[in-house]
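Data block below; observations after.
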There are 2 protein chains.
Amino acid sequence: MPPSPATPQYRLDPTREQAILDAIRELLTEVGYDRMSIDEVARRAKASKATIYRRWSGKPDMVAAALHGMITELPDPPDTGSLRTDMIATLTTLCRVYERKHPIVLSVLSAIRTDPTIGRLMHDHILDSGTAGADIVFARAVTRGELPALPDVPAVVEVGKALLWHRLLLSGRPLDDPWVVHVVDDILHPMLGLPG
Amino acid sequence: MPPSPATPQYRLDPTREQAILDAIRELLTEVGYDRMSIDEVARRAKASKATIYRRWSGKPDMVAAALHGMITELPDPPDTGSLRTDMIATLTTLCRVYERKHPIVLSVLSAIRTDPTIGRLMHDHILDSGTAGADIVFARAVTRGELPALPDVPAVVEVGKALLWHRLLLSGRPLDDPWVVHVVDDILHPMLGLPG
DNA sequence: AGTCATGTACGGTACGGTACCGTACACCTC
DNA sequence: GAGGTGTACGGTACCGTACCGTACATGACT
């Protein structure tokens, strides 16, 4: 007799579930929310639609589940020696994260109209991550003596996020290094009262 | 004797064309690009599908046509007496314009992946309008003596547009007056080297 | 001028074909 | 035999095209 009372009690296979969620994220990235069909999800996950519908009630439900587990915890930004290089490093890291999330955000964005729940999930799990490092960077700059006092960090973060997403979603141009340097030197530095 | 080489050529009725384009814009606003069906366009425009397909080859073509004629020429910003109030007035005007365009931008955004042409049209006809007034406002501030020299206007415009679209598309919060004041006082003013 | 044949655009309808949704049912493994 | 799984199916929505009969402007002919 097995001593573990954990009689496996074969529940819904979590492996399957993960495969399905991966397929959903894949399709969201590739074709967007509206054009993502359940048939195709099933095909990619090598599962049947019945298997899918046993778990979730419909497309919004599935996508909501897929958006969970996309929270990305960023490590604290490393001390590069100066505020300027700290900001460049932090922004560059954020660029890579946003670039990865970009297709999904784009897909889901248009679905907000149809399903407001999706919008909330997107904010909570995708958009609001990766901005905690700013406090650290600016606090470090104050102790270094580069800044006379802590700036209006939320405002700076607001500008940074807005610039990133605007560039990514609307301008159609890449989040490359020269652009990051431009943001830091021509926008953030002046905003902090430092020489451009 | 007819000097004109008899170009009889009845044209397609421009009235009908306008009704169809209006219906397209309506549906783009209401349900988005993907969920817009030609049948529904025909129904709303009180036209037959044949009439529509006689003019355009398919959905991308129609939407492209509908995006034309959405260019909005803004009047030069009025002189309100100070740079701060000028900026607030200009931004407020821009807010109203963007709010109107917002649903269509949202719809079309997700279609960029499918049809890059749409993306180009959106930039040319929707996004790049309404920023010419900035030059006037800042030039006026210089002659008033409020600014020592002309600032980096493109950078300021970049920040303004990014903040507006970010707020509108991603934050889900309204472009209301307090927010505009916050942008001017907490972000643009510091960026210009003025007291917040 | 008045009449009429002609050509075109029009709304409406119907169709074949495709893609998708959500479910009923049979299978198959524990 | 109980429960997860795969297949097959009905139903719906949409696309793009073809065709009908009609309305109307044009241009020729009387």
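For the side chain to side chain contact (heavy atoms under 4.5 Å, CB included) criterion with A/His102, the lone passing option out of A/Leu175, A/Leu169, A/Thr29, A/Leu164 is A/Leu169. Just one of A/Asp86, A/Val153, A/Val156 meets the side chain to side chain contact (heavy atoms under 4.5 Å, CB included) condition when paired with A/Val137; it is A/Asp86.
No more than 12 heavy atoms of other residues, nucleotides or ligands sit less than 6.0 Å from atom CZ of B/Arg35.
Contacts between residues 30-39 of chain A and DNA chain D, counted as heavy-atom distances below 4.0 Å, involve no residue at all. A heavy-atom distance below 4.0 Å to DNA chain C is reached by these residues of residues 41-64 of chain B, ordered by number: B/Lys46, B/Ala47, B/Ser48, B/Ala50, B/Thr51, B/Arg54, B/Arg55.
Comment: A/Asp61 does not engage A/Arg55 in a salt bridge, judged by the lack of any side-chain N to carboxylate O separation of less than 4.0 angstrom. Salt-bridge check for B/Arg25 with B/Glu30: failed, with every basic side-chain N at 4.0 Å or more from each acidic carboxylate O. A salt bridge is absent between A/Glu40 and A/Lys49: the closest approach of a Lys/Arg side-chain nitrogen to an acidic carboxylate oxygen does not fall below 4.0 angstrom.
Judged by distance alone, the side chains of B/Thr93 and B/Thr90 never bring a donor and an acceptor atom under 3.5 Å apart.
Where the helix from C/dA1-D/dT30 to C/dC30-D/dG1 starts and where it ends, the local axes point in directions that differ by 10°; five pairs per end, rounded to 10°.
B/Met122 CE to B/Leu109 CG: the interatomic distance, rounded to the nearest 0.5 Å, is 5.0 Å.
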Pair B/Arg144, B/Asp79 - check salt bridge (charged side-chain N to carboxylate O under 4.0 Å, His left out), show working.
CA-CA 11 Å; B/Arg144 275 200 208 100; B/Asp79 189 337; 2.6 Å; yes
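Side-chain contact check for A/Glu146 versus A/Phe138: every heavy-atom pair is 4.5 Å or farther apart.
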